[in-house]
Amino acid sequence: MRGTGLGQEIDMGGTLKIGVLVSGSGSNLQAIIDRIEDGTLGAEIACVISNNGTAFALERAKKHGIPSLHLDHRLFSGRSAYDAALLEALREYGVELVVLAGFMRIITPVLIDAFPHAIMNIHPALLPAFPGLHAQQQALDYGVKVTGCTVHFVDVGTDTGPVIIQAAVPVLDSDTEETLSKRIQVEEHRIFPEAVRLFAAGRLTVEGRRVVVASPSTTVSQGFVNPPLPA
Ligand code: GRF
């Protein structure tokens with residue numbers, strides 16, 4: 001159970017179990033791990049699953065003692081069969097929130113219906129602009145002056161689900177896909193853990209296309225000390 005008090009979120013004991021799906025480097029996974037380890041995120045990573053056995057993200061998970069799993073999509077007859085296997089693994093680890101952190105696969109209703117409004121994805125553009133692959137290059141090709149990144153809940157479309165949080169990044173005349181991607185990633189690493197934190201604190205509600213972010217409650221649900229004890 002999670003609670004809030006006097007503008008400060010208070011973990012009342014239960015910790016949100018998240019499952020992180022990855023395919024590559026895992027820098028977003030690392031950002032979430034760092035926020036969990038510094039105690040600012042009321043969640044624990046129950047498992048990291050990669051469809052790619054050589055993903056560096058798996059090394060990161062191991063280094064932090066997080067259960068990790070390589071589930072090779074090529075061993076399954078199709079997307080639904082693969083997602084059924086993912087679902088089984090996520091259930092085994094008691095996952096409540098699924099985080100797609102550079103997971104380079106389209107997921108199907110097998111997974112989406114099993115986790116209603118509980119699957120998040122990070123996309124390197126200000127959605128609804130530039131969905132799909134190579135979003136940074138799309139932004140450069142279009143000539144926009146501002147792009148960024150978006151964390152959204154996943155629905156059946158490609159990058160179409162309700163937006164949770166966004167960060168804007170200026171596009172510089174000198175930018176290449178690589179330099180722009182790097183600056184966008186700095187923001188990804190700030191907003192993805194924040195989206196998870198808001199979810200873990202029970203502050204996200206989906207109303208149609210809109211994600212409403214509740215203010216921290218002022219209800220006192222736990223004793224507090226004033227003047228405060230040292231942290
Ligand atoms: C990020 O740029 C993210 O926006 C996209 O895939 C990339 C994953 O990077 N969905 P990493 O594996 O988290 O480093």
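Whatever order the structure lists ligands and atoms in, that order sets their numbers, starting from 1.
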Exercise. Charged N to carboxylate O under 4.0 angstrom, D83 versus R105?
Worked result: no
Exercise. Is any NZ, NE, NH1 or NH2 atom of the basic residue among E194 and R197 found under 4.0 Å from an Asp or Glu carboxylate oxygen of the other?
Worked result: yes
Exercise. Can you pull the residues with any heavy atom under 4.0 Å from ligand 1?
Worked result: S25, G26, S27, N28, G102, I122, P124, Q185, E188
Exercise. CG of L140 to CG of D175: how many Å apart, nearest 0.5 Å?
Worked result: 6.0 Å
Problem set entry | Residue pairs, two or more places apart or on separate chains, that pass ring-ring contact (aromatic ring centres under 6.0 Å, His included) and touch residues 33-79 | F76-Y82
Exercise. Considering residues at least two apart in sequence or located in another chain, which fulfil the salt bridge (charged side-chain N to carboxylate O under 4.0 Å, His left out) criterion with E187?
Worked result: R190
Seminar exercise, completed: side-chain hydrogen bond (donor to acceptor under 3.5 Å, both in side chains) pairs touching residues 122-138, sequence neighbours excluded, are H123-D159, Q136-S181, Q137-D141
